[in-house]
Amino acid sequence: PGLYTYYQPQVVISISPTSGPTSGGTQVMVTGKGFGEWTYPYPSFNSSSTGSSASCNNMTLIDSEHFTCTTSQVSGSPCGGEIKMDFYTYDMRDWSQNVLYGAYTFVSPKLFAGSGTAADPFLVGTRGDLFNVRQCPTMTYRQTADIDIGDVGGVCNTFEPTPWFSGTYDGMGYSIGNFCFRAPSRSPVGLFAYNYGVLSNIIFKNAEVEAYYYVGALAGYTSGPIS
């Protein structure tokens, strides 16, 4: 007697609520079976399709079928919209993993009109839109209006360049005006510091850029086509 112990495997059945903001801070109720002091206190969310993830902190065990935890801020979800994630728990008795697929949707305001694809590009029509390109540097963009950065009268460095870009940006013949960025100790420097993507049909008006080396109004360093 007592040589072998059977126990209820840990199973997650549901989460409530099933959605919340990407900023985190939502307390969720997890319902299932087999929860106890052996339940790993850091359950998590993950999306294999987007690479986004989040943790669920401050876990409080209610009974063997319920616990609560609070969502963290999502990492890897800069472009806004909805991200459906799987929910993971772990049983420290044997470190088995339990997954509830598509359990929770993180939601944030979209940064752009469009979906960022070649068929439905993100639309860039304002200074704020242009600044937000850095948040989604692998996507497809189309400029829809002339954009004034506003660096005039000797004012510079009010608009931080996009660190790197590997998407597609079509300026559609619209202009980007009054861009001034002086950084004599930095390199590369340009509206796109490193460009690995495709840049086309962009007109600059009144641009002034200074760097240690690798400098250009549109791109400081580029290995992608510019036309």
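All figures in this text were calculated on a predicted structure; none of them were measured in a lab.
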Checklist line | Residues L123, D129; criterion side chain to side chain contact (heavy atoms under 4.5 Å, CB included); working and verdict | finding: CA-CA 8 Å; L123 302 182; D129 291 340; over 6 Å; no
Next item on the list: Please say which of T70, T39, T89 ends up in a side chain to side chain contact (heavy atoms under 4.5 Å, CB included) with M59.
Entry: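 Per the side chain to side chain contact (heavy atoms under 4.5 Å, CB included) rule, the option paired with M59 is T39, out of T70, T39, T89.
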What's the shortest heavy-atom distance between [X] and [Y], and which atoms?
X: A219; Y: N195; answer: CB-CB, 4.0 Å
X: T31; Y: H66; answer: OG1-CD2, 3.5 Å
X: F179; Y: L191; answer: CE2-N, 3.7 Å
X: P163; Y: R134; answer: CD-NH1, 3.7 Å
X: V198; Y: F165; answer: O-CE2, 4.3 Å
X: L100; Y: S14; answer: CD2-CA, 3.8 Å

Parallel, tilted or perpendicular, judged at 30° and 60°: which one describes the rings of [X] and [Y]?
X: F122; Y: Y141; answer: tilted
X: Y194; Y: Y196; answer: parallel
X: F87; Y: F45; answer: tilted

Check: Between atom OG of S19 and atom OH of Y104, what is the distance when rounded to the nearest 0.5 Å?
Finding: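 Interatomic distance, S19 OG to Y104 OH, rounded to 0.5 Å: 6.0 Å.
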Residue [X] excluded, over 12 heavy atoms near [atom1] under 6.0 Å:
X: F204; atom1: CZ; answer: yes
X: K110; atom1: NZ; answer: yes
X: Y90; atom1: OH; answer: yes

Margin query: Would R127 and F131 count as a cation-pi pair here, with the cationic atom under 6.0 angstrom from the ring centre and within 45° of the axis?
Written below: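 No, R127 and F131 do not form such a contact.
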Check: What pairs meet the salt bridge (Lys or Arg N to Asp or Glu O under 4.0 Å) rule with one or both residues in residues 85-101, with sequence neighbours excluded?
Finding: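 As it turns out, the salt bridge (Lys or Arg N to Asp or Glu O under 4.0 Å) pairs with a partner in residues 85-101, which skip direct neighbours, are D91-R93.
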Note to self: Y42: which residues meet the ring pair (Phe, Tyr, Trp, His ring centres under 6.0 Å) condition with it, sequence neighbours left out?
What the structure shows: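 With neighbours one apart ignored, the set is Y40.
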Item checked: Pairs touching residues 180-193 that satisfy side chain to side chain donor-acceptor pair (under 3.5 Å), sequence neighbours left out ->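 For residues 180-193, and leaving out neighbouring residues, the side chain to side chain donor-acceptor pair (under 3.5 Å) pairs sorted by first residue read E160-R186, R182-E208.
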Notebook entry, point to check: Do Y169 and M172 share a hydrophobic cluster (ILVMFWY, side-chain heavy atoms under 4.5 Å, transitive)?
Noted result: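 Different hydrophobic clusters.
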Item checked: From T158, D151, D148, residue fulfilling side chain to side chain donor-acceptor pair (under 3.5 Å) relative to N178 ->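 That would be D148; it is the only one of T158, D151, D148 passing the side chain to side chain donor-acceptor pair (under 3.5 Å) with N178.
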Checklist line | Check: G177 main-chain N/O paired with N206 side-chain donor or acceptor under 3.5 Å | finding: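 No; judged by distance alone, with no hydrogens or angles, the pair does not exist.
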Next item on the list: Report yes or no: does T71 contribute a side-chain atom to a donor-acceptor pair with the main-chain N or O of T26 at less than 3.5 Å?
Entry: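 Yes, because the side chain of T71 sits within donor-acceptor range (under 3.5 Å) of the backbone of T26.
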